[in-house]
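See structure below.
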Amino acid sequence: MEAIKANITTLEVDAIVNAANNSLMGGGGVDGAIHRAAGMELAQECLLLGGCETGQAKMTKGYRLPAKYIIHTVGPVWQGGHADEVALLQSCYRNSLQLASQAGLKNIAFPCISTGLYRFPIQEAAQIAVTQVREFMKQKSSVIQVVFCCFSDGDLGIYEGILNKG
Ligand code: AR6
């Protein structure tokens, strides 16, 4: 596991994860950046998927991205913490990793799901991300490398703090 600061659309990994919405048809933030970089064919494939429930994940090809696949997951909108947000964010990470493993993928990069437009507090979200990945990596799976792709120095510092605690 490592944390880096980068534009996730530039990463040459087996799969990048998209912080999508229930429609899977694109939006702002990292979702918009991924759709723009992957090209129109991505929306065409997404149209066939019939949306995605919050906490679930679905996979498409990466099209024009350097990444081979995109795992689209829908994080919860932060509503103060009493609307199952923690469990839903945990399941975003678990289900994304499970899809990657089912497809035999080795490396995968996550953005800071739900912490932008969906307003999930970053410290808590980063702790959930690291804990879920650590738990998952205890099992046998094809996934050997997980990257937390941060978009700001502040977010990167938070991930590094958590990862360095061991
Ligand atoms: N590379 C890496 N991280 C990025 C990039 C990028 N190119 N662009 C933004 N981020 P957000 P959410 C970071 O808002 O909170 C969309 O409209 C960003 O700084 O993208 O899950 C969807 O369609 C933040 O740290 O996702 C949904 O409607 C993180 O990605 C909604 O936003 C997540 O911020 C989902 O909201």
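What you see is a predicted model; the values in this text were computed from it and never measured.
Lys138 is linked by a salt bridge (Lys or Arg N to Asp or Glu O under 4.0 Å) to Glu135, counting only residues two or more places apart in sequence or in another chain. In terms of the side chain to side chain contact (heavy atoms under 4.5 Å, CB included) criterion, residue partners of Gln145 (sequence neighbours excluded) are, by chain and number, Glu2, Asn107, Val147. Residues passing the side chain to side chain donor-acceptor pair (under 3.5 Å) test with Ser101: none are found, sequence neighbours excluded. Qualifying side chain to side chain contact (heavy atoms under 4.5 Å, CB included) partners for Lys68, counting only residues two or more places apart in sequence or in other chains: Asp14. Contacts of Gln132 classified as side chain to side chain contact (heavy atoms under 4.5 Å, CB included), with partners at least two apart in sequence or in another chain: Gln90, Tyr93, Arg94, Ile128. A search for side chain to side chain donor-acceptor pair (under 3.5 Å) contacts involving Asp84 returns nothing, not counting sequence neighbours. For the side chain to side chain donor-acceptor pair (under 3.5 Å) test, residues two or more places apart in sequence or in another chain that qualify with Thr131 are Gln127. Evaluation of the side chain to side chain contact (heavy atoms under 4.5 Å, CB included) rule for Pro121 yields Trp78, Glu124 as partners, not counting sequence neighbours.
Nearest approach of Ile162 to Arg134, heavy atoms of both residues: O-NH2, 4.1 Å. Closest approach of Ala19 to Pro111, counting heavy atoms only: N-CG, 4.2 Å. When every heavy atom of Ala6 is checked against every heavy atom of Cys149, the shortest pair comes out as O-SG, 3.2 Å. Nearest heavy atoms, Cys92 versus Gly75: SG-CA, 3.6 Å. Considering every non-hydrogen atom in both Thr9 and Ala33, the closest pair reads CG2-O, 3.6 Å. Residues Glu12 and Pro66 share a closest heavy-atom pair of CG-CB, 3.5 Å.
In this structure the side chain of Val146 reaches within 4.5 angstrom of the side chain of Leu97, judged on heavy atoms. Under the 4.5 Å side-chain criterion, counting only non-hydrogen atoms from C-beta, Ile16 is not in contact with Val30. Residues Leu105 and Met59 form a side-chain contact, since some pair of their non-hydrogen atoms from C-beta on lies under 4.5 Å apart. The side-chain heavy atoms of Val130 and Val133, taken from C-beta on, include no pair separated by under 4.5 Å.
Under a 3.5 Å cut-off, the side chain of Thr115 and the backbone N or O of Phe120 do not form any donor-acceptor pair.
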Without placing hydrogens or testing angles, list every side-chain donor-acceptor pair under 3.5 Å for residues 43-56, not counting sequence neighbours.
unit_1: Glu45; atom_1: OE1; unit_2: Lys61; atom_2: N; d: 3.2
unit_1: Glu45; atom_1: OE1; unit_2: Tyr63; atom_2: OH; d: 2.6
unit_1: Thr54; atom_1: OG1; unit_2: Asn22; atom_2: ND2; d: 3.2

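Judged as a ring-ring contact (aromatic ring centres under 6.0 Å, His included), the pairs with a partner in residues 125-148 (not counting sequence neighbours) are, in order, Phe148-Tyr159. Note on residues 17-37: no pairs pass salt bridge (charged side-chain N to carboxylate O under 4.0 Å, His left out), not counting sequence neighbours. For residues 144-161, the pairs satisfying salt bridge (charged side-chain N to carboxylate O under 4.0 Å, His left out) are Lys5-Asp153, with sequence neighbours left out.
Between atom CD1 of residue Ile144 and atom CE of residue Met137 there is a gap of 8.0 Å, rounded to the nearest 0.5 Å. The CD1 atom of Ile158 sits 8.5 Å away from atom SG of Cys112, with the distance rounded to the nearest 0.5 Å.
Residues Val86 and Ile122 fall within the same hydrophobic cluster, defined by Ile, Leu, Val, Met, Phe, Trp and Tyr side chains chained together at heavy-atom separations under 4.5 Å. Hydrophobic clustering of Ile, Leu, Val, Met, Phe, Trp and Tyr side chains at less than 4.5 Å, counting indirect connections, unites Ile70 with Ile8.
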Legend entry - Leu42/His72 under side-chain contact (heavy atoms from CB on, under 4.5 Å): CA gap, chis, key distance, verdict: CA-CA 11 Å; Leu42 173 60; His72 306 263; 3.9 Å; yes
Legend entry - Audit row: Leu24, Thr60, side-chain contact (heavy atoms from CB on, under 4.5 Å) steps and yes/no: CA-CA 11 Å; Leu24 294 186; Thr60 66; over 6 Å; no
